[in-house]
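See below for the structure under consideration.
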Amino acid sequence: MPGFELFSDLERKEVHDVLDNGVLMRYGFEGMRNGHWKAKELENELENQLQVKHAQLVSSGTAAVSVALASAGIGSGDEVIMPTFTFVASFEAIMMLGAIPVLVDIDDTLTLDPEKVKEAITSKTKAIMPVHMCGSMADLDALKVICNAHNLILIEDSSQATGATYKNKPLGSIGDLGCLSLDFVKIITAGEGGAVLTNNEKFYKHADHYSDHGHDHVGNDRGAETHPFLGYNFRISELHAAVGLAQLRRLNEFVQIQKKNYTILREALSQIPEVTFRRVPEGGVESYSFLNFFLPDLEIARKVSSAFKDNGVDACWNYYDNSWHYIREWHHLKNIKSLYPISEEVKKGLEYLQTKTFDQSDHYISRNISCLIKMSWTEKEVRERASKMVDVINSFLL
Ligand SMILES: *Cc1c(COP(=O)(O)O)cnc(C)c1O
């Protein structure tokens, strides 16, 4: 997955354009910038390629989630439904606004289970935020029906599945708002960066102003702009946008390379009857950033994952014991270890995390192995990896 594996003269050229005129700021400085507007250009190309009316670049994927929520008017005391399997960023971005993360079980898609989402809705629920983990997606049609029935905002986090599609539409373009990360390890990287995608004029305007101190960006004079509302600084720099621009132009190429490597590994593992694969919702096409499969139980999954490491099969994880991606080990969040006081309302809203168990999520995550698909492997390396994986798995099944 990481786009940095294939950095080339394309990225270098875009960065040099920026350094040659010295304007690292995405707004203003018209006289100096020699016509280079890398952030603007990247936004335009994201809009075209991801088939969405508006893209607003921000400083990270975490910022994108916070900006998306804020743009939809979600804040203090509001409940946002998110999955148990994600990256801690989902939880953080909700907390940053004083809203309450409501964690809901995943199913065999490794993303939000729509049935469990229904059970979690209360009068305080404002949004449902599926996270398209590890290159594949949530059942967006089912979630849309729920959102429509309860008047909720649908926010897609497609940080790990940029380049995947659902019913021929790019992920991130389907909900009311979509979020991307361009951090260092994502399929297309800017070093750091993120984007908010939306077809909603009002949400776009909010995202544009909110991510730059509330500036309205009307006219060319930053000093003369007005500030319709409170904002913060979540801007991306021209340097980061320059790298992201070159990478976006290679997204389709990257997905095709991943698909080729993924297919070789998947065909090899398919020969083992005990191995099953994560379900991709009908109409979904993965970005092939990861190959996810299930083993018969946690004990075998742990043994396989550790034997993979010992045998040089790197970048494969069983997330059950992972403290970044799965609720089970999020002790600092379950116990609200915060540097500053958290409101009583949010504390109360999070009390459920002390006692609630997520048996269904445990059932899938405990048996799952997620293997990152790299783009820099040669075909020989992929084939060797495939046969090693088969041997390791078989050694624990026989
Ligand atoms: C990487 C990631 C983020 C956060 O992105 P950053 O750019 O690292 O802040 C959010 N959600 C998911 C699912 C991610 O994988």
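This structure is a prediction, so every number in the text was calculated from the model and none was measured. Start at 1 and go down the list; that is how both ligands and their atoms are numbered.
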Tell me, please, whether Tyr320 has Arg328 positioned over its six-membered ring: NZ or CZ under 6.0 Å from the ring centre and within 45 degrees of its axis?
yes
Asp362 and Tyr326 side chains, donor-acceptor separation under 3.5 Å
yes
Between the side chains of Glu14 and His16, does any donor sit under 3.5 Å from an acceptor?
no
By the salt bridge (charged side-chain N to carboxylate O under 4.0 Å, His left out) test, which pairs, at least two apart or in different chains, include something from residues 53-82?
Asp78-Lys126
Quick one: is the NZ or CZ of Arg235 closer than 6.0 Å to the six-membered ring centre of Tyr27, and within 45° of its axis?
no
Just list the N/O pairs, ligand 1 to protein, that are under 3.5 Å apart, with the distance for each.
unit_1	atom_1	unit_2	atom_2	d
ligand 1	5 (O)	Ser181	OG	3.2
ligand 1	7 (O)	Gly61	N	2.7
ligand 1	7 (O)	Ser181	OG	2.8
ligand 1	8 (O)	Asp183	OD2	2.6
ligand 1	9 (O)	Gly61	N	3.3
ligand 1	9 (O)	Thr62	N	2.9
ligand 1	9 (O)	Thr62	OG1	2.5
ligand 1	11 (N)	Asp157	OD2	2.7
ligand 1	15 (O)	Gln160	NE2	2.9
ligand 1	15 (O)	Lys186	NZ	3.2

Give the minimum heavy-atom separation between Phe290 and Cys134, together with the two atoms involved.
CD1-CA, 3.3 Å
